[in-house]
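See below for the structure under consideration.
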Amino acid sequence: MKTTQLKKICLTLSKYVKFDAIRPITDLVALVTKDNKLYLGHTDRDNATIIANIDCDVEIPYTVINLTNLIRVLKATTVEDVSLKRYNDYLQFKGNGTYKLHIQLDENGNEFRLPITIPKSIGEEFTMNPLSLVCSRNSKFLDTENLPKEYGNYYCDGTYTVTTDSIVVAATKFNTHIKEMNPRMVTSMSVFEEPITIAECENGYRMKCDCYNAVYYTEKTNSYPVDTIMPFVTNTDDYTSKITFNRKDFIKSISRQDIFKSVTGEQTLLLTFANGCVRIENEQETFYEELSCNGNGNEIRLKVFTNSLLKILRLMEDDLTLFISTNKLRLQDSKGLYILAGEEF
């Protein structure tokens, strides 16, 4: 077997199922060969199960070993090909050298068996593109601790996938075809680098991608506060100014004010939009800069949270447009938009 292929599969399995130190099952992998394929299965028993396959020309009976140890030896291996061979109480791994990976036993001393099954689909299949874009643009603006539970999911209206942390509403142009997904499900599904074929199954969703078959069990909810959040995304009527500016210069200017930040409290910026420029200053009056911009509209003075604005700008493309109202900013590029709460000063 190719070292790089087996290592990639094992890493994908470990990312799909969340490791939990108090649940040893989340650090185990089952291996078995059938029809010249090695099948590797990984599960947390309750939510996530995944099976992968790779070409294999040797027979390996059902074997459960520690996944972390397998990944460690694969990462340390520098030869192009590796081989596996089952012995009585260990799995032999041969790469740069020969290593023994011990078989997992249960409390009775019998070989452990993982509860790995992939249920049948009960709905029509649809295709979802890789979720890496959604994860990179939305995951930083998601609050699962301080907001009511219904605010802590990803919501999709067919055009945008939306999250919020109460300060920022993030909306990415991406159709998940699933109205609501919890953050852990999105993280698990984001491991797939190719389009995913998905269908509903009992109590969850079944997925196929490349050499992977997976299931994610989740409650299918319809509780997202659509009427509260989505108007921020769809409504553009209350913005009175529109400008374009150099994103990188804006980031550098905000970053420089970090030298003068207060050591206590949430850091804020005072932004004044007027006369073809943006004035950036802090509340302590120890810093200000002015950046040129292109646009039109009324003079507006807005106070916003520094870290939130910086996170947004660092995730966006250079070609972006800023819409301004008296209580929020709307930053928009070709991949989506962000709404940042503010207050007039």
Measuring from [X]:[atom1] to [Y]:[atom2], what's the distance to the nearest 0.5 Å?
X	Y	atom1	atom2	result
Tyr62	Lys34	OH	NZ	14.0 Å
Leu74	Arg72	CG	CZ	12.5 Å
Leu67	Cys10	CG	SG	6.0 Å

Inset, instruction - Go through the steps for Asn182 and Thr218 under the test side chain to side chain donor-acceptor pair (under 3.5 Å), then give the verdict. - result: CA-CA 8 Å; Asn182 68 58; Thr218 181; 3.1 Å; yes

Inset, instruction - Decide if atom CG of Asp227 counts as having more than 12 heavy atoms of other residues, nucleotides or ligands within a radius under 6.0 Å. - result: no

Legend entry - Glu290, CD atom: more than 12 neighbouring heavy atoms under 6.0 Å: yes

Between [X] and [Y], does any side-chain N to carboxylate O distance fall below 4.0 Å?
X	Y	value
Glu193	Lys8	yes
Asp46	Arg23	yes
Arg113	Asp106	no
Asp333	Arg137	yes
Lys37	Asp55	yes
Lys220	Glu200	yes
Lys208	Glu125	yes
Arg86	Glu111	yes
Lys2	Glu80	yes

Should the pair [X] and [Y] be assigned to parallel (<30°), tilted (30 to 60°) or perpendicular (>60°) ring geometry?
X	Y	answer
Tyr90	His102	perpendicular
Tyr99	Phe93	tilted
Phe250	Phe245	perpendicular

Any donor-acceptor N/O pair, [X] side chain to [Y] backbone, under 3.5 Å:
X	Y	answer
Thr26	Phe19	no
Asp27	Thr68	yes
Asn138	Thr161	yes
Thr286	Gln284	no
Thr176	Ile178	yes
Asp157	Thr159	yes

Legend entry - Heavy-atom side-chain contact between Ile196 and Phe126 under 4.5 Å: no

Inset, instruction - Among Met207, Met189, Met181, find the residue that satisfies the side chain to side chain contact (heavy atoms under 4.5 Å, CB included) test when tested with Tyr216. - result: Met207

Legend entry - Option passing side chain to side chain contact (heavy atoms under 4.5 Å, CB included) with His42 (candidates Leu13, Ile25, Leu28):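 Passing option: Leu13.
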
Inset, instruction - For this output row, return yes or no: ring centroids of Phe192 and Tyr212 closer than 6.0 angstrom. - result: yes

Inset, instruction - Kindly indicate whether a cation-pi arrangement holds for Arg279 with Tyr288, taking the cut-offs as under 6.0 Å to the six-membered ring centre and within 45° of the axis. - result: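 Arg279 over Tyr288 ring: yes.
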
Inset, instruction - Answer yes or no for Lys328 and Tyr239: cation-pi contact, defined as NZ/CZ to six-membered ring centre under 6.0 Å and angle to ring axis within 45°. - result: yes

